K.L.:
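There's a structure below that I have some questions on.
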2 protein chains.
Amino acid sequence: MTQDDVYRTVGYQLKRVQAALRAAMDAALRAHGLTTPQYACLEMLGQRPELSNAELARGAFVTRQSMNVVLRNLEEAGLVSRPATAPSGRALPTRLTEAGERVLEAARADVLAVERRMTAGLDRAQAEVLLRQLDAMAEALAGSDG
Amino acid sequence: MTQDDVYRTVGYQLKRVQAALRAAMDAALRAHGLTTPQYACLEMLGQRPELSNAELARGAFVTRQSMNVVLRNLEEAGLVSRPATAPSGRALPTRLTEAGERVLEAARADVLAVERRMTAGLDRAQAEVLLRQLDAMAEALAGSDG
DNA sequence: TGCGTCATGTCAGAATTCTGACATATGCTC
DNA sequence: GAGCATATGTCAGAATTCTGACATGACGCA
């Protein structure tokens with residue numbers, strides 16, 4: 001039965017593409033001494049400084065605990081910095097250091113090249129439609145669990 | 001800058017949808033006592049019996065070692081069975097037990113419901129185009145690392 | 001036959017991520 | 001002010017997945 005072939009479902013192909021993307025990104029980031037989660041973290045901070053650990057975790061779709069490990073490694077590497085005490089509440093606003101900005105800028109070029117390679121078969125209009133469809137799919141699933 | 005917003009890249013939205021899909025599947029499968037990797041394994045065996053551990057691993061985009069853990073748990077739960085000795089080479093052809101087939105059939109209904117919910121906004125033609133695009137994206141990335 | 005290559009299953013250990021729990025800080029309601 | 005819900009950071013421990021390594025069996029080729 002070709003119709004119900006699991007390998008031809010959107011869910012399976014989604015996982016396949018994501019696995020390939022993760023592998024390609026890891027390969028591209030290795031030269032910069034970064035992992036994919038670390039890069040995701042830097043990228044979010046680059047676009048929106050002062051993000052807290054919990055906000056970063058939500059943006060990267062991992063738990064606070066997992067993001068905390070990533071953040072500590074980045075802090076130890078001198079790429080991000082957090083104040084010792086929270087200015088309000090318990091949230092610690094994180095910022096890129098100068099070294100972090102440099103590494104991010106260099107890594108971003110290679111990551112964008114991966115993204116372009118992945119979407120090379122799509123023109124601008126198709127990419128727009130795809131983005132909207134993916135957004136709709138995420139929203140449709142978010143209704144029941146988060 | 002909205003144009004280069006990381007949150008509006010195909011890569012990010014891909015990860016977002018996949019995270020939502022994984023959460024939805026885990027939630028749906030919990031009632032059947034299965035995890036998503038376990039279900040993926042059963043589904044592949046349901047469509048193609050006699051698959052080896054290494055083949056299942058490639059199909060699920062994990063290492064042989066990871067799949068081996070999944071397989072052992074499924075074996076312990078009595079849902080799959082493997083011969084004690086390899087009929088040829090070292091590969092151990094895995095099969096669903098009767099209990100495995102029953103669990104798979106029950107779980108599949110709920111998983112398909114999740115897939116339908118995710119793609120509810122797409123008509124048949126759009127879904128076909130999406131599948132082809134995802135396939136092309138995976139192929140484009142596979143060139144360098146897989 | 002003998003050798004080199006490849007694929008497979010498996011062991012050992014580390015890295016990553018998760019669940020569960022707890023203390024702290026804010027804001028809302030009474 | 002007192003009480004409660006919510007959000008955050010963090011600790012502890014388990015589960016999952018990975019990298020590295022090794023032995024075994026099949027296959028191609030000299």
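Below, chain A is the first sequence line, B the second, and so on; all start at residue 1. Note that the structure is predicted; figures quoted are calculated from it, not measured.
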K.L.:
Determine, using the 4.5 Å side-chain heavy-atom cutoff (strictly less than), whether Val69(B) and Leu34(B) are members of one ILVMFWY cluster.
P.N.:
no
K.L.:
Do the side chains of Leu131(B) and Leu130(A) join up, straight or via other hydrophobic residues, at under 4.5 Å, putting them in one cluster?
P.N.:
yes
K.L.:
Which whole-number value in Å describes the distance from Met67(A) CE to dG9(D) P?
P.N.:
11 Å
K.L.:
So where does chain A start and stop touching DNA chain C, 5' to 3', when the test is distance under 4.0 Å to a non-hydrogen atom?
P.N.:
dT17(C) to dT26(C)
K.L.:
Let me know, please, whether Ala54(A) or Gln65(B) comes out on the 5' side of the other along DNA chain D by nearest nucleotide.
P.N.:
Ala54(A)
K.L.:
With 3.5 Å as the limit, what N/O pairs link the protein to nucleotides 22-28 of chain D?
P.N.:
| residue | atom | partner | partner atom | Å |
| --- | --- | --- | --- | --- |
| dA23(D) | N3 | Arg90(B) | NH1 | 3.0 |

K.L.:
For a quick check of understanding: with a heavy-atom distance under 4.0 Å over all strands, which category does Thr35(A) fall into, base, sugar-phosphate or nothing?
P.N.:
nothing
K.L.:
Go through the steps for Leu45(B) and Cys41(B) under the test side-chain contact (heavy atoms from CB on, under 4.5 Å), then give the verdict.
P.N.:
CA-CA 6 Å; Leu45(B) 287 172; Cys41(B) 187; 4.3 Å; yes
K.L.:
Starting from the 5' end of DNA chain D, give me the residue, Ala91(A) or Arg72(A), whose nearest nucleotide shows up first.
P.N.:
Ala91(A)
K.L.:
Estimate the overall bend of the helix from dT1(C)-dA30(D) to dC30(C)-dG1(D) from the end axes over five pairs each, rounded to 10 degrees.
P.N.:
30°
K.L.:
Tell me, do Asp5(A) and Tyr12(A) make a side-chain contact under 4.5 Å, heavy atoms counted?
P.N.:
no
K.L.:
Under 4.0 Å between a side-chain nitrogen and a carboxylate oxygen: does that hold for Glu139(B) and Arg16(A)?
P.N.:
yes
K.L.:
Side-chain contact, heavy-atom cut-off 4.5 Å: Leu21(A) with Leu141(B)?
P.N.:
yes
K.L.:
Indicate yes or no: at least one non-hydrogen side-chain atom of Leu14(B) is less than 4.5 angstrom from one of Met137(B).
P.N.:
yes
K.L.:
Can a salt bridge be assigned to the pair Asp26(A) and Arg30(A) using a cut-off of 4.0 Å between side-chain N and carboxylate O?
P.N.:
no
K.L.:
Out of curiosity, Leu29(B) CG to Tyr39(B) OH, how far, rounded to the nearest 0.5 Å?
P.N.:
7.5 Å
